[in-house]
Amino acid sequence: MVNHDIAMGIVRVTEAAALACSNLLGRGDVDLIEKAAVDGVRHAFDLLPIKGRVVIGECDLDKKPIMYIGEKVGTWEDGLKEYDVAIDPLDGSVLVAKGRPNAISAVAVSEKGRIFRAPQIYMKKMAVGPKAKGCIDLNKSLGENIKCVAEALNKDVEEVTVMIQDRPRHKELIEEARSVGARVKIFGEGDIAAALATAFEETGVDMLVGIGGAPEGVLAAAALKCLGGEILVRLMPENQRQIDMCKRAGLLDVEKILSQDDLITSDDVYFAATAITDSDLLKGIIYKENYATTHSVVMRSSNGVLRFVDAIHKLDTSLIKVQE
């Protein structure tokens, strides 16, 4: 069996998605933007030497053009290794449609059977970087967690920055964070980018808390596992149908708190992300004359290698054609 280091291959996947949809920035057509991102991903995966199967995607088989669960990606040549693939071609389609920051394309790849097949439901999340790993607890209040993170980071509580998504369901979380004196950074969409920011001191982000999509939580877990950070989650099924979805995914105890090691059970996982619009960590795509620049991050947990990849794409010769 051929075993490639596919790190640079998967960053080409997220670059392709970002390039394919980025010139639709601000045009307001979410469906067209999502289709462009998915088309870019599929094109790039056609060149990647793996036997990949999507285990985290967007929708079922009948919901094309979104990446569907069970879809085969990669070249599938004889002798290649089989992988699970978690993919979000575009986390933040509304952000791109409105020209707002924090939109990225993200992918995680690991050995077959090692990525939790999260159902399309909500999960409660709390994420921190490496220095605060081991000090958060979903069974404690947000205020208690903020104080523990402050201690781990050798900061005053007033210096801790907490990212919380701007949703009515987070009103109490925002009030609690403010009540203990923490700095609160409210964002609209794109919690993969927000979770990623917690692992880099230069972003100034210390925590992510809130309720968001379970598939995005798995992608965040892959990134934080590579970076030595931590994410704790609890699935939040709203009815019996969603409870059954959790059980089919292998989680019999839906109240169980899961960490990055439960969501990604392998010690060898790849993660890549490319910014479409500016985020705390990465700069969005810039067009100049006949080329575009992309800014990405790619990492692998088994060897601890982290790369920031700045690429220049000449548009008239690029294999990835942006949408007109």
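Computed over heavy atoms, backbone and side chain alike; hydrogens, waters and symmetry mates excluded.
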Cation-pi between R100 and F187: NZ/CZ under 6.0 Å from ring centre and within 45° of the ring axis?
-> no
Does the pair R42/D46 count as a salt bridge with the N-to-O cut at 4.0 Å?
no
### Message
Any carboxylate oxygen within less than 4.0 angstrom of a Lys/Arg side-chain nitrogen, looking at K112 and E82?
### Response
yes
### Query
Is atom CD of E172 surrounded by more than 12 heavy atoms (other residues, nucleotides or ligands) closer than 6.0 Å?
no
Exercise for the section: Establish whether V55 and L251 are linked, either directly or via other cluster members, by ILVMFWY side-chain heavy-atom contacts under 4.5 Å. Expected result: yes
Task: K51, NZ atom: more than 12 neighbouring heavy atoms under 6.0 Å - done: yes
Tightest non-hydrogen contact, residues L208 and T198, listed as N-CG2, 3.7 Å
query: Above 12 or not: heavy atoms from other molecules or residues under 6.0 Å from CG of N154?
result: no
Would you mind checking if K185 and D280 are paired as a salt bridge, meaning a charged N to carboxylate O distance below 4.0 Å? yes
Quick check on the hydrophobic clustering: are I164 and I136 connected, directly or via other members, by side-chain heavy-atom contacts under 4.5 Å? yes
Notebook entry, point to check: Thinking salt bridges, do R53 and D84 make one under a 4.0 Å N-O criterion?
Noted result: no
- Is a salt bridge present between K125 and D191, judged by a nitrogen-to-oxygen distance below 4.0 Å? yes
Those residues at least two apart in sequence (or on a different chain) that pass salt bridge (Lys or Arg N to Asp or Glu O under 4.0 Å) with D206 are K155
Query - S179 and E176: side chain donor to acceptor below 3.5 Å - result: no
Within a radius of less than 6.0 Å around CD of E201, do more than 12 heavy atoms belonging to other residues, nucleotides or ligands occur? no
- Query: Does R307 CZ have over 12 foreign heavy atoms under 6.0 Å away?
  - Reply: no
